[in-house]
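Following: one structure in structure tokens, then a few remarks.
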Amino acid sequence: MMKYLQKLGKSLMLPVACLPICGILMGLGYALCPATMQGGDISGAMNLIGFFLVKAGGALIDNMAWLFAVGLAVGMSDDHEGTAGLAGLVSWLMMQNLLATGTVTTLIPSIADNAAKVIAFDKIAGNAFIGILAGLIGSACYNRFKDTKLPDWLAFFSGKRCVAIVTAIASIVASAILLVVWPIIFGILVSLGNAIVGMDAVGAGIYAFLNRLLIPTGLHHALNNIFWFPTIGLGDLSHFWAGETSADVTWSLGMYMSGFFPCMMFGIPGAALAIVHTAKPEKRKVAIGLVLSAAVCAFICGVTEPFEFGFMFLAPVLYLVYALLYGVFAFITVQLGFRGGFSFSAGLTDLVFSASLPAAAKTLLIIPLGIAAAIVFYIVFRVMITALNLKTPGREDDDMDETKVVLANNDFTSIAKTVMEGLGGKGNITSVDNCITRLRLEIKDYTLVDENTIKSAGVAGVIRPSKTSVQVIVGTQVQHVADEFKKLM
């Protein structure tokens, strides 16, 4: 299971790497043009430049779900083939359309009468969880069906051409399941959020913890709607930016937003520094490029996904503790009386803009709170990463570069004979194919396969994706081995 999660985490690196610069652009654009988030007229050169930057950054930040769908599908496929990426996109488009609010309320009209259920499906759009699920469905269908042989009259759809079709069918099934399951889970979380209301600083801490913990599933929106918006909840965010004070509501206004500022602005940079310091020396530059840019993104505008998705699957236990730290600092922040609000997220830009609002209080406390958060996050991350040998960015196990594999000898006929022997003889082999570096074989009886015999041919490794499939890592000379293998067949 852990190996699968680590592969998932590494596969997310490609789409995640696109996000930090976009978050920074949005933060700078928001600073130049607050109206893009807060509303109002947009006029004048600086405002227009800011609006332009916000839209440029939002091009990817607002569409990270389909980036995850494509990137994850390619990364999780056996040979990182573009067909898998197409399958991931097919899955995402299918689920987005089938789970759109308009589609759902037509299929189940009663949902339109329940505000919580309507919001549940509103939040499906752009949900990172749906993107990840689509990527997993796309890659699984590709790995399973890419070599499918169909009858002659359907031969055109054989192999990789059938992957997108199978993926669409699988996505329809997944959508039907989510149609039932999603509003139930969302409703449970809404009930949990309502139970937390009234627990003062403890409730704020529990909310902050659950908010971060649920990020991978996209279900944090269920709690956000209880605490931030008035549709089905308190409306902490809405009342704060309306210029009200705690005297106008029944809670300490801003308490459900304030605790995020020290964690996002300072805690994440501290954690990022720990990840860099614990990275392997030869991979430190890669870690710096990923996590420090993500830390700058979090500090400026509070966009945390580039940082969180960079390690949550590589080191889930660390992500759990990361969420707990949010809960602790939210509790402390509320107790100390610091109050800040955000219309976008808990970064520097929103802190500056919210500082002049009536509900803002003790905003200078962000300095000692931030320093404390940076130190605590750094120590916790560094200790956990080294003590548990967690595979955070820069500490992943090295993947074999198959293009640099060198065969033990150039006697391709001998190599092919040995591989065939290890596969149980030609009578056990149903098909032979190859990609750039691998010999791909389909077999009848997996119990006849002897990996030691195959490796004795001088190949780099053997992979067995299924009971009927064997892949032999040969390197760039695979075509010569494949040609000899086919002659022997």
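Computed over heavy atoms, backbone and side chain alike; hydrogens, waters and symmetry mates excluded. Here the structure is a predicted model, which means the values were calculated and not measured. We number each residue from 1, following the sequence as shown.
- The backbone N or O of Ala112 sits nowhere less than 3.5 Å from a side-chain atom of Lys117 that would complete a donor-acceptor pair.
- Around the CG atom of Asp113, the shell of radius 6.0 Å holds more than 12 heavy atoms that belong to other residues, nucleotides or ligands.
- Panel note: side chain Asp350, backbone Gly347; no donor-acceptor pair is recorded below 3.5 Å.
- Screening Phe309, Phe313, Phe307 against Phe311 for a ring-ring contact (aromatic ring centres under 6.0 Å, His included) leaves a single residue, Phe307.
- Interatomic distance, Leu72 CG to Leu14 CG, rounded to the nearest 0.5 Å: 10.5 Å.
- By the 4.5 Å heavy-atom criterion applied to side chains, Ile21 and Ser293 are not counted as neighbours.
- Judged by distance alone, the side chain of Arg395 and the main-chain N or O of Leu390 form a donor-acceptor pair under 3.5 Å.
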Exercise. Run the side chain to side chain contact (heavy atoms under 4.5 Å, CB included) check on Leu19 and Ile61 step by step: do they pass?
Worked result: CA-CA 6 Å; Leu19 301 178; Ile61 293 291; 4.2 Å; yes

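- Looking only at side-chain heavy atoms (C-beta outward), Phe266 and Phe299 come within less than 4.5 Å of each other.
- Two residues are said to be in side-chain contact when any heavy atoms from C-beta on lie closer than 4.5 Å; Tyr322 and Glu308 meet this criterion.
- Under a cut-off of 6.0 angstrom, the local environment of CZ in Phe229 is crowded, with over 12 non-hydrogen atoms contributed by other residues, nucleotides or ligands.
- For Glu81 and Lys146, the salt-bridge test fails: no basic side-chain N is under 4.0 Å from an acidic carboxylate O.
- Aromatic ring centroids of Trp228 and Phe342 lie under 6.0 Å apart.
- The 12-atom threshold is not exceeded at CZ of Arg144, counting heavy atoms of other residues, nucleotides or ligands nearer than 6.0 Å.
- Between Cys263 and Gly259, the closest heavy-atom pair is SG-O, 3.7 Å.
- Checked by atom type and distance alone, the side chain of Asn127 never pairs as donor or acceptor with a backbone atom of Gln96 at under 3.5 Å.
- Under the 3.5 Å distance criterion, the side-chain polar atoms of Thr349 are matched with a main-chain donor or acceptor of Ile300.
- Taking every heavy atom of both residues into account, Phe377 and Gly267 meet most closely at CB-O, 3.2 Å.
- Minimum interatomic distance between Pro316 and Leu314 (heavy atoms only, all atoms of both residues): CD-C, 3.7 Å.
- Of all heavy-atom pairs spanning Cys297 and Pro306, the tightest one is SG-CG, 4.4 Å.
- Under the 6.0 Å cut-off for aromatic ring centres, Phe121 and Phe186 do not qualify, their centroids lying 6.0 Å or more apart.
- Between Tyr30 and Ser343, the side chains place a donor N or O and an acceptor N or O closer than 3.5 Å (distance only, hydrogens not considered).
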Problem set entry | CA sep, side-chain torsions, deciding dist, call: His239, Asp248, side chain to side chain contact (heavy atoms under 4.5 Å, CB included) | CA-CA 9 Å; His239 288 288; Asp248 300 307; over 6 Å; no

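- Contact check on Asp78 versus Arg438 returns no salt bridge, with no Lys/Arg side-chain nitrogen under 4.0 Å from an Asp/Glu carboxylate oxygen.
- For the pair Arg212/Leu324, no side-chain contact is recorded, criterion being any heavy-atom separation below 4.5 Å from C-beta on.
- Within the model, atoms CD1 of Ile132 and OG1 of Thr217 stand 9.5 Å from one another, a figure rounded to the nearest 0.5 Å.
- Closest approach of Gly27 and Cys301 over heavy atoms only: CA-CB, 3.4 Å.
- Note that CG of Asn114 and CD1 of Ile108 are 11.5 Å apart. Values are rounded to the nearest 0.5 Å.
- The backbone N or O of Gly475 lies less than 3.5 Å from no partner atom in the side chain of Thr437, so there is not a single donor-acceptor pair.
- Considering OG1 of Thr278 and NZ of Lys280, their distance stands at 11.5 Å, rounded to 0.5 Å.
- Heavy atoms of other residues, nucleotides or ligands lying less than 6.0 angstrom from CE of Met199 number more than 12.
- Between the CG atom in Asn194 and the CD1 atom in Ile232 there is a gap of 7.5 Å [rounded to 0.5 Å].
- Under a 3.5 Å cut-off, the side chain of Asn211 and the backbone N or O of Tyr207 do not form any donor-acceptor pair.
- Taking 4.5 Å as the limit, some side-chain heavy atom of Phe344 sits within range of a side-chain heavy atom of Val303.
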Exercise. Could you go step by step and tell me if Arg339 and Ser246 meet the side-chain hydrogen bond (donor to acceptor under 3.5 Å, both in side chains) rule?
Worked result: CA-CA 11 Å; Arg339 294 292 182 273; Ser246 298; 5.9 Å; no

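- Taking each heavy atom of Asp41 and Ala35 in turn, the nearest pair found is O-CB, 3.8 Å.
- A donor-acceptor distance shorter than 3.5 angstrom exists from the side chain of Ser354 to the backbone of Gly341, with no hydrogens or angles considered.
- In this structure, the side chains of Ile111 and Thr101 stay at 4.5 Å or more apart for every pair of heavy atoms.
- Between the CD1 atom in Ile226 and the NE2 atom in His221 there is a gap of 14.0 Å [rounded to 0.5 Å].
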For this session: Would you sort out whether Val296 and Leu292 count as a side chain to side chain contact (heavy atoms under 4.5 Å, CB included), showing the intermediate values?
Result: CA-CA 6 Å; Val296 172; Leu292 287 190; 5.7 Å; no

Problem set entry | Candidate pair Ile215 and Thr304, rule side chain to side chain contact (heavy atoms under 4.5 Å, CB included), full reasoning | CA-CA 10 Å; Ile215 286 285; Thr304 60; 5.5 Å; no

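- Remark: side-chain polar atoms of Trp66 are not paired, donor with acceptor, to backbone N or O of Leu89 under 3.5 angstrom.
- With ring centers used as reference points, Tyr378 lies under 6.0 Å from His277.
- Within the 4.5 Å cutoff, no side-chain heavy atoms of Leu32 are placed close to those of Leu48.
- Side-chain contact between Phe261 and Phe338 is present, with heavy atoms from C-beta onward closer than 4.5 Å.
- Distance alone, capped at 3.5 Å, is enough to place a donor-acceptor pair between the Thr103 side chain and the Asn97 backbone.
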